[in-house]
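For reference, positions follow the sequence shown, starting with 1.
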Amino acid sequence: MKLDGPVIRSGPPGPKVAKVLEEAGLGPEDYGSPLVERAEGIYIKDPDGNVFIDLISSRCIANTGHSHPRVVEAIQKQLSKGFHWQTTDMYTLADRLGEMTGQKPCQVYWSQAGSMVNEFAIKAAKRITGRPNIISFTGSYHGSSMGAISISGYNPTMTRHYGPTLPGVFHAPYASCYRCPFKHDVETCGMACLDYIEDVMFKTYVAPDEVAAVFVEPIQGDAGWYIPPDRWHQGLRRLCNDHGIMLVVDEVQTAFGRTGKWTAMEHWGVQGDIVLLGKSMASGIPMSAAVLPRDILESTDPEPIPIHAQSFSGTPLGVAAAHATMDVIRDERLCENAERTGGYMKKRLVELMEPHGCIGDVRGLGLLLGVEIVKDREKKTPDPEMAARICSEAFKRGLFVLNMGSYGGKALRIAPPLIITEEQVDKSIEILDESMRGAQGL
Ligand SMILES: Cc1ncc(COP(=O)(O)O)c(C=O)c1O
């Protein structure tokens with residue numbers, strides 16, 4: 001029978017989950033993300049029969065919905081043929097990824113996590129350019145391995161106790177216009193944050209000819225869904241071109257239709273030199289890829305690019321799942337649905353601003369949306385405690401949503417599977433509305 005929801009039978013947690021938590025030394029308050037008994041479409045059913053709407057696609061992974069039959073079939077077929085080592089399908093997948101990211105002919109470095117392709121790109125950019133330094137952005141999230149935390153910058157807890165991190169990493173201010181670090185207005189700022197790289201960084205503490213790469217997220221995800229204004233990415237591309245710096249575009253969260261296009265940079269028509277993919281790429285089978293043009297690679301002859309070999313590179317299950325994922329996104333026109341239904345969802349979220357003063361801002365593209373929770377709309381004081389309470393109230397009502405972002409997690413991450421319908425959006429908004437009332441004691 002097809003899963004439908006949301007349904008809350010007991011708890012959450014109900015008795016089965018409560019027992020498991022207790023045995024693991026945890027309490028009911030630790031149950032804020034559903035344990036999967038069965039997952040299908042936009043729903044996750046837990047062992048007690050509670051069915052949750054997965055409003056975050058399990059961290060932007062289930063873009064095609066959980067357990068899409070075509071993805072399941074592809075995995076099962078591959079499983080019966082052999083599931084370790086590499087297949088010819090890896091080469092056809094590389095071709096498709098090259099096409100998708102605008103890099104043909106391309107070379108793909110395979111891995112299992114977004115963090116690992118960021119590690120690869122740090123090495124590759126240094127090797128290709130022969131330069132030692134990296135620029136990344138405040139607010140960025142590139143993963144949790146040592147190189148990735150070094151270039152990330154969204155929360156000091158990422159690096160506390162682990163420093164010193166990678167040397168030669170310099171953080172520039174991102175276009176987080178809702179809380180502009182320069183206190184400018186987006187209409188009149190003239191891209192002060194980009195000028196800062198040229199006028200301050202390059203002139204005072206990092207020589208541009210010693211910068212190998214700029215790492216950028218097209219839309220900053222975990223910091224709280226910041227979308228740079230028009231022409232910002234183009235300006236960054238130009239700046240990189242002017243100084244022979246590689247532009248590494250981290251599309252780990254934004255690609256595969258999430259923002260209404262196959263890759264988010266298509267919104268700005270900007271081509272990265274290395275494009276990083278992961279998360280939703282194989283609908284839940286761990287799989288990631290760094291895609292770069294073949295001629296860049298060849299430029300490092302006779303010494304090849306750094307070895308980034310990993311035991312499970314190009315795993316057949318991931319390759320089969322990725323092909324099927326791309327087929328589903330194409331055939332079911334999920335980019336179009338993300339754009340259309342995302343627009344509808346954004347409108348419904350904006351409507352919630354009227355009754356709920358705790359919403360400071362609603363922003364995003366396609367089905368990558370963020371709801372900023374504040375103590376005071378004028379002052380924009382972050383309210384991570386309220387954001388956490390809203391998520392907890394939503395969970396009790398069968399809606400799985402997480403608060404994320406800098407300042408202790410003050411934004412709600414709204415990123416449902418791209419198959420979500422308007423009716424399901426309406427249901428989610430109804431629960432969010434109730435949860436906000438509950439959280440504010442209204
Ligand atoms: C933009 C971006 N890059 C990299 C990563 C790290 O990916 P992973 O968790 O698969 O290592 C994430 C994870 O959230 C991400 O959002």
Side-chain angles (χ1 to χ4, degrees), residues 3-12 29 31-34 41-46 50-60 178 224-225 337-405 407-442:
L3 268 190
D4 200 4
V7 177
I8 293 299
R9 291 196 195 290
S10 59
E29 67 285 359
Y31 195 47
S33 117
I42 68 160
Y43 301 112
I44 298 177
K45 181 180 176 190
D46 82 359
N50 297 318
V51 181
F52 300 84
I53 293 177
D54 180 0
L55 209 64
I56 64 162
S57 305
S58 298
R59 294 189 196 276
C60 290
Y178 178 70
W225 298 269
N337 194 51
E339 188 184 357
R340 191 179 50 251
T341 317
Y344 178 67
M345 185 151 214
K346 193 168 173 186
K347 175 175 148 294
R348 297 292 331 266
L349 288 167
V350 169
E351 283 165 13
L352 289 183
M353 290 180 83
E354 167 88 34
H356 298 294
C358 66
I359 303 181
D361 192 26
V362 174
R363 49 182 179 258
L365 266 181
L367 281 167
L368 188 66
L369 299 167
V371 177
E372 180 89 19
I373 304 297
V374 292
K375 290 193 172 122
D376 180 307
R377 206 176 268 170
E378 279 298 300
K379 294 196 185 114
K380 304 183 178 176
T381 323
D383 197 347
E385 291 81 19
M386 176 62 74
R389 271 209 301 283
I390 293 168
C391 294
S392 158
E393 289 290 325
F395 193 68
K396 286 188 214 160
R397 294 168 170 81
L399 185 72
F400 175 36
V401 57
L402 287 182
N403 61 309
M404 301 281 298
Y407 305 90
K410 40 56 178 170
L412 307 181
R413 166 191 258 181
I414 311 282
L418 310 185
I419 55 169
I420 196 167
T421 63
E422 286 194 1
E423 208 182 350
Q424 291 165 333
V425 166
D426 287 336
K427 185 71 204 169
S428 307
I429 295 288
E430 184 189 315
I431 301 177
L432 264 181
D433 185 16
E434 283 170 19
S435 307
M436 286 182 183
R437 286 180 204 284
Q440 294 170 99
L442 300 177

- Task: Please step through salt bridge (charged side-chain N to carboxylate O under 4.0 Å, His left out) for the pair D433 and R437, ending with a clear verdict.
- Result: CA-CA 6 Å; D433 185 16; R437 286 180 204 284; 3.3 Å; yes

Is any side-chain heavy atom of [X] less than 4.5 Å from a side-chain heavy atom of [Y]?
{"X": "S58", "Y": "I44", "result": "yes"}
{"X": "M345", "Y": "I414", "result": "yes"}
{"X": "I359", "Y": "M436", "result": "yes"}
{"X": "V362", "Y": "E372", "result": "no"}
{"X": "L432", "Y": "S428", "result": "no"}
{"X": "I390", "Y": "I373", "result": "yes"}
{"X": "L412", "Y": "L402", "result": "no"}

- Under the salt bridge (charged side-chain N to carboxylate O under 4.0 Å, His left out) criterion, do K427 and E423 qualify, and how do the steps go? CA-CA 6 Å; K427 185 71 204 169; E423 208 182 350; over 6 Å; no

Please check if the side chain of [X] supplies one atom and the backbone of [Y] the other of a donor-acceptor pair under 3.5 Å.
{"X": "D376", "Y": "K380", "value": "no"}
{"X": "R413", "Y": "G224", "value": "no"}
{"X": "R363", "Y": "W225", "value": "yes"}
{"X": "T341", "Y": "N337", "value": "yes"}
{"X": "T381", "Y": "K375", "value": "no"}

- Message: With side-chain contact (heavy atoms from CB on, under 4.5 Å) as the test, pick out the partner of I42 among I419, L55, T421.
- Response: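 Of all the options given, the one that passes is I419.
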
For the [atom1] atom of [X] and the [atom2] atom of [Y], what is their distance to the nearest 0.5 Å?
{"X": "I56", "Y": "L368", "atom1": "CD1", "atom2": "CG", "value": "12.0 Å"}
{"X": "Y344", "Y": "E422", "atom1": "OH", "atom2": "CD", "value": "5.5 Å"}
{"X": "R377", "Y": "H356", "atom1": "CZ", "atom2": "NE2", "value": "10.5 Å"}
{"X": "L399", "Y": "E430", "atom1": "CG", "atom2": "CD", "value": "10.5 Å"}
{"X": "D46", "Y": "R9", "atom1": "CG", "atom2": "CZ", "value": "10.0 Å"}

- Evaluate the side chain to side chain contact (heavy atoms under 4.5 Å, CB included) criterion for residues N50 and V7: first the C-alpha distance (whole Å), next the side-chain angles of each, then the deciding distance (0.1 Å), finally the verdict. CA-CA 5 Å; N50 297 318; V7 177; 5.9 Å; no

- R397 atom CZ, over 12 foreign heavy atoms within 6.0 Å: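 Atom CZ in R397 is crowded, with more than 12 foreign heavy atoms closer than 6.0 Å.
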
- Message: Other residues, nucleotides and ligands only: do more than 12 of their heavy atoms fall within 6.0 Å of CD on E378?
- Response: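 Atom CD in E378 is not packed in, count stays at 12 or less.
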
- Query: With the threshold set at 4.0 Å, does a side-chain nitrogen-carboxylate oxygen contact exist between D383 and K410?
  - Reply: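 The answer is no: the pair does not qualify as a salt bridge.
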
- Pairing of E351 and K347 as salt bridge, 4.0 angstrom limit: yes

- Message: My understanding is that only one of Y43, F400, F395 makes a ring pair (Phe, Tyr, Trp, His ring centres under 6.0 Å) with F52; could you say which?
- Response: F395

- Residues that R389 engages under salt bridge (Lys or Arg N to Asp or Glu O under 4.0 Å), provided they are two or more places apart: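 With neighbours one apart ignored, the set is empty.
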
